[in-house]
Amino acid sequence: MLEQELKFFVPESARPGLLTAFDVVRTGSITLNAIYFDTPERDLARAGIALRLRKEGEQWVQTVKLRGPDTLSRIEINHPRPGPELDLQLYKDSAAHAALAPYAQQIQARYQTRIQRELALIKQGQSELELAYDVGHIESNGLKLLVNELEIELISGESITMFEAGQRWLYKHGLILEMRSKSERGDALASLADRRRAKSEPLNLTPEQVAAALTRKAYDLPKPHFVDTEDLEQFYSLSATMSLEQVIRNAALLAGVDGIRPDSALQADYLALMRVGLRRLRSCRKLFKMWLSASEGYANTRLTHYFGLFGQARDQDLVHLEITPLLLQAGMPGPAPEAAPAHLEHDPVQLASAAEFQSLLLSNLQSLICGPTLELQNAPQAEHLVEARISRWFHTIQLRSQRFAQISQDKQHRLRNRIKSLRYCLEFLPSAADKQGLHKVLRECQALIGAVTDVDVALDWYAQHAASPEQAQFARDWLSHARQGRAAHAQHALNALDQHQPQTELLRR
Ligand SMILES: O=P(O)(O)OP(=O)(O)OP(=O)(O)O
C-alpha cells in the first residue's frame with residue numbers, strides 16, 4: 001500500500017494547546033515500541049528502506065517501507081506477527097524481495113523507538129485522514145533522541161485535503177514542517193553511537209546533547225543529485241521538490257527542531273544552505289517560467305519575498321562572522337560592531353519558525369505534490385526551448401565574463417546570479433554529466449565572484465554603520481584593496497569559461 005503523510009515537529013510552547021485540541025478529536029491512543037533493522041553498513045538506509053518489528057498495543061507487526069513516487073509517499077507492507085521475530089520470507093512475492101534479499105544474512109537490530117501515540121480520524125471533505133500525535137523517543141546504544149510530532153496521513157481521498165488539514169493545524173499551533181522520518185533520525189542516531197564507540201567516546205549524553213550532535217551540519221543535497229527522467233514535467237516537479245526539501249529541512253533547523261539551540265555560526269550555516277535551496281528552486285522555476293501553472297507562479301512570487309528578507313540576514317552574518325574578523329585582524333580601530341546588530345529588521349530564526357513562513361513552505365509543497373506544476377499542453381517544442389534557454393544563459397555568461405573587470409558592480413552581481421542559476425539547473429539534468437568539467441568551473445567562478453560581492457556588501461555596511469570615521473576610513477581602504485585582488489582572481493577563473501561550449505540536447509539521453 002502507498003502511505004502519504006505530512007509530519008510536523010511540535011515546539012514545546014505548542015504542546016499544551018495541541019493536547020487540548022486533540023482531546024476534542026481523539027479516537028484512541030496506543031503504545032508503539034519498535035525495533036528497526038539494517039546491515040552494519042547501513043545498506044537499507046542507503047537504499048531508503050526502513051524495516052521494523054513493532055508492538056502495536058498487544059500485536060506485533062512487521063513492516064517494510066520503501067521510497068514512494070514523491071517525497072511524502074512511501075510504499076508500506078505490513079504483516080501481523082506472532083512475536084518479535086523477523087521473517088524476510090514474507091516478501092517472497094513482493095516489491096521488497098529484490099531490495100532485501102541480498103542483505104538477509106547481515107540484517108540486525110540497529111535502533112528502537114518508544115512512542116505513545118494519540119490518534120484521531122477526521123473527515124475532510126470526501127477524504128479521511130488519520131492524525132497521530134507521537135511523544136516518546138528513539139534509542140540506540142543508550143543514546144536517546146526525543147520525539148514530539150504530529151503526523152497527518154491520508155487514509156482515503158485526495159492529497160490536497162491532507163494539506164488543508166496540515167495548514168489548519170500548523171497555523172493554529174505554530175508547528176514546524178518536518179521531512180525526516182523516524183527511521184532517518186534513528187539511522188543518524190545509530191551512526192552517532194557507532195562513531196562515538198569507535199572513538200571510545202562516552203555514550204551518556206543528554207537528549208539535548210544528542211539533538212545538538214545530530215544537527216551539526218546544515219542540509220545540502222547529495223552530490224550528484226540529477227533527476228533521471230526524460231519527462232519534462234516530472235523533471236521539473238522532482239528537481240523543484242528536491243530544492244524545496246532543502247529549504248524546508250534547513251528552515252526546521254533554523255526554527256529549532258528537536259529543541260536545539262544552535263549558536264550564531266551554526267544558524268548562519270543553516271540560513272546560507274536554506275538560501276541555496278531557495279535559489280535552486282527559483283532557478284528551476286526560472287528555467288520553466290513560461291509554462292508554470294498558476295499555483296506554481298503564485299508560490300514562487302510569495303517565496304521570492306522571503307528570499308529578500310532572509311538575504312538581509314545573510315548579509316549581516318557575512319559582515320559579522322566573516323569580514324569583520326578579517327578587518328580586526330588587519331588592525332581596524334575598535335570598537336568591534338555589535339555581534340547581534342539592531343539594524344536587522346527580521347530575525348531569521350523568528351522568520352523561519354513563524355506560521356506565515358511555515359505555511360508558505362507547506363503550500364509550495366502542496367503545489368509541487370498535487371500539481372499541475374507545468375502547463376505543457378500547447379508546447380510540443382518545450383524541450384528545445386528549454387535547451388535554447390540554457391544555451392542563451394551560457395552565452396550571456398561567457399560574454400559578460402570576458403569583460404568582468406569593466407562591467408558595473410551591479411552587472412557583476414547579476415553575473416554571479418546567472419552563473420548560479422545555470423549551475424543549479426545543469427546539476428539537475430541527467431544528460432548534462434559534467435564531462436567537460438563545466439560544473440566545477442561554474443562553481444569556482446561563483447565562489448570567486450562571491451568573494452568580490454561579499455566585499456561590496458561589507459563596503460556598504462561599513463559606510464552606514466561604522467562606529468567612528470576612523471573605522472569607516474580603515475574599512476573602506478582595506479576592503480577596496482581586497483576587492484581589486486579578489487576581482488583579478490575572479491577574472492582569471494572566468495577566462496576558463498571560454499574553453500567551454502554550451503551543451504545542447506540536455507534532456508535526451
Ligand atoms: O506509524 P507509521 O507507520 O506512520 O510510522 P512512524 O513510526 O510514524 O514512522 P515514520 O516517521 O516513518 O512515519
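Note that the numbering runs from 1 along the sequence shown for the chain. No hydrogens, no waters, no symmetry mates; every other heavy atom, side chains included, goes into these values.
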Atom pairs and distances, side-chain donor-acceptor, residues 157-165, under 3.5 Å, sequence neighbours left out:
residue: S159; atom: OG; partner: Q4; partner atom: OE1; Å: 2.6
residue: T161; atom: OG1; partner: S127; partner atom: OG; Å: 3.0
residue: T161; atom: OG1; partner: E158; partner atom: O; Å: 2.5
residue: E164; atom: OE1; partner: Q124; partner atom: NE2; Å: 3.3

Over all atoms of both residues, closest heavy-atom pair of A493 and C445: O-SG, 3.7 Å
Least distance between heavy atoms, L459 atom then S480 atom: CD2-OG, 4.2 Å
Distance, nearest 0.5 Å, that separates OG of S353 from CG of D347: 8.0 Å
Stepwise side chain to side chain contact (heavy atoms under 4.5 Å, CB included) check, R414 with I407: CA-CA 11 Å; R414 287 221 297 278; I407 60 179; over 6 Å; no
CD1-CD distance between I152 and E130, expressed to the nearest 0.5 angstrom: 11.0 Å
Residues K182, E149; criterion salt bridge (charged side-chain N to carboxylate O under 4.0 Å, His left out); working and verdict: CA-CA 10 Å; K182 289 190 188 73; E149 66 192 16; 2.9 Å; yes
R486/D456 salt bridge by N-O under 4.0 Å criterion: no
Test log, rule side chain to side chain contact (heavy atoms under 4.5 Å, CB included), inputs R280 and H225: CA-CA 12 Å; R280 285 196 161 115; H225 52 255; 3.7 Å; yes
CD (Q464) with more than 12 external heavy atoms under 6.0 Å: yes
Any donor-acceptor pair under 3.5 Å from S73 side chain to G68 backbone: no
F235 and F288 aromatic ring geometry - parallel, tilted or perpendicular at 30°/60° bounds: tilted
Test item: H395 side-chain N/O and R392 main-chain N/O as donor-acceptor pair under 3.5 Å: no
Gap between atom CZ of F310 and atom CG of L351 - 0.5 Å precision: 4.0 Å
N364 side chain vs L360 backbone, donor-acceptor pair below 3.5 Å: yes
For Y236, the option from L376, T229, T241, L374 that meets side-chain contact (heavy atoms from CB on, under 4.5 Å): L374
Main-chain N/O of L214 paired with R185 side-chain donor or acceptor, under 3.5 Å: no
Shortest non-hydrogen separation from I49 to A99 and the atoms involved: CD1-CB, 3.5 Å
Least distance between heavy atoms, A382 atom then L232 atom: CB-CD2, 3.5 Å
Any donor-acceptor pair under 3.5 Å from S367 side chain to S363 backbone: no
Carboxylate-amine/guanidinium contact R74 E5, below 4.0 Å: yes
Positive for side-chain hydrogen bond (donor to acceptor under 3.5 Å, both in side chains) with K7, one of E153, E178, E151: E151
Neighbour count above 12 (heavy atom, 6.0 Å) for Y298 OH: no
Close side-chain approach of E427 to L221, heavy-atom, < 4.5 Å: no
Side-chain donor/acceptor of Q471 to backbone N/O of A467, under 3.5 Å: yes
L129 vs L154, side chain to side chain contact (heavy atoms under 4.5 Å, CB included): CA-CA, chis, key distance, verdict: CA-CA 5 Å; L129 304 169; L154 182 68; 3.7 Å; yes
Heavy-atom check, side chain of I75 versus side chain of V64, under 4.5 Å: no
Y462 to M332 - nearest heavy-atom pair and separation: OH-CE, 3.4 Å
Heavy atoms from other residues, nucleotides or ligands near CD of Q406 exceed 12 (cutoff 6.0 Å): yes
Carboxylate-amine/guanidinium contact E322 R314, below 4.0 Å: yes
Student check: side-chain heavy atoms of P262 and T215 closer than 4.5 Å: no
OG on S243 to CG on L238, rounded to 0.5 Å: 10.5 Å
Where P11 and I176 come nearest, the two heavy atoms and their spacing: CG-CG1, 4.1 Å
N/O donor-acceptor pair under 3.5 Å between T324 side chain and V319 backbone: yes
Flag side-chain contact, heavy atom, 4.5 Å: D43 against P102: no
Derivation of the side chain to side chain contact (heavy atoms under 4.5 Å, CB included) call for L44 and D187: CA-CA 10 Å; L44 302 191; D187 172 58; over 6 Å; no
Heavy-atom neighbours of R261 CZ exceed 12 at 6.0 Å: no
H413 atom NE2: more than 12 heavy-atom contacts under 6.0 Å: yes
Main-chain N/O of T453 paired with Q412 side-chain donor or acceptor, under 3.5 Å: no
Any V10 side-chain heavy atom under 4.5 Å of L175 side chain: yes
L448 vs V452 side-chain heavy atoms within contact, under 4.5 Å: no
Reported CD-to-CG distance for the pair Q366 and L6, which is rounded to 0.5 angstrom: 9.5 Å
Non-hydrogen side-chain atoms of R443 and K440 separated by less than 4.5 Å: yes
CG on L426 to CZ on F394, rounded to 0.5 Å: 8.5 Å
Short side-chain to backbone donor-acceptor contact, R416 and Q446, under 3.5 Å: yes
Cationic N near anionic O, under 4.0 Å, D258 to R180: yes
Residue pair R279 / N417, side-chain donor-acceptor N/O under 3.5 Å: yes
Side-chain touch L271/N250, heavy atoms, less than 4.5 angstrom: no
Modelled atom types, side-chain donor and acceptor of N300 and E296, under 3.5 Å: no
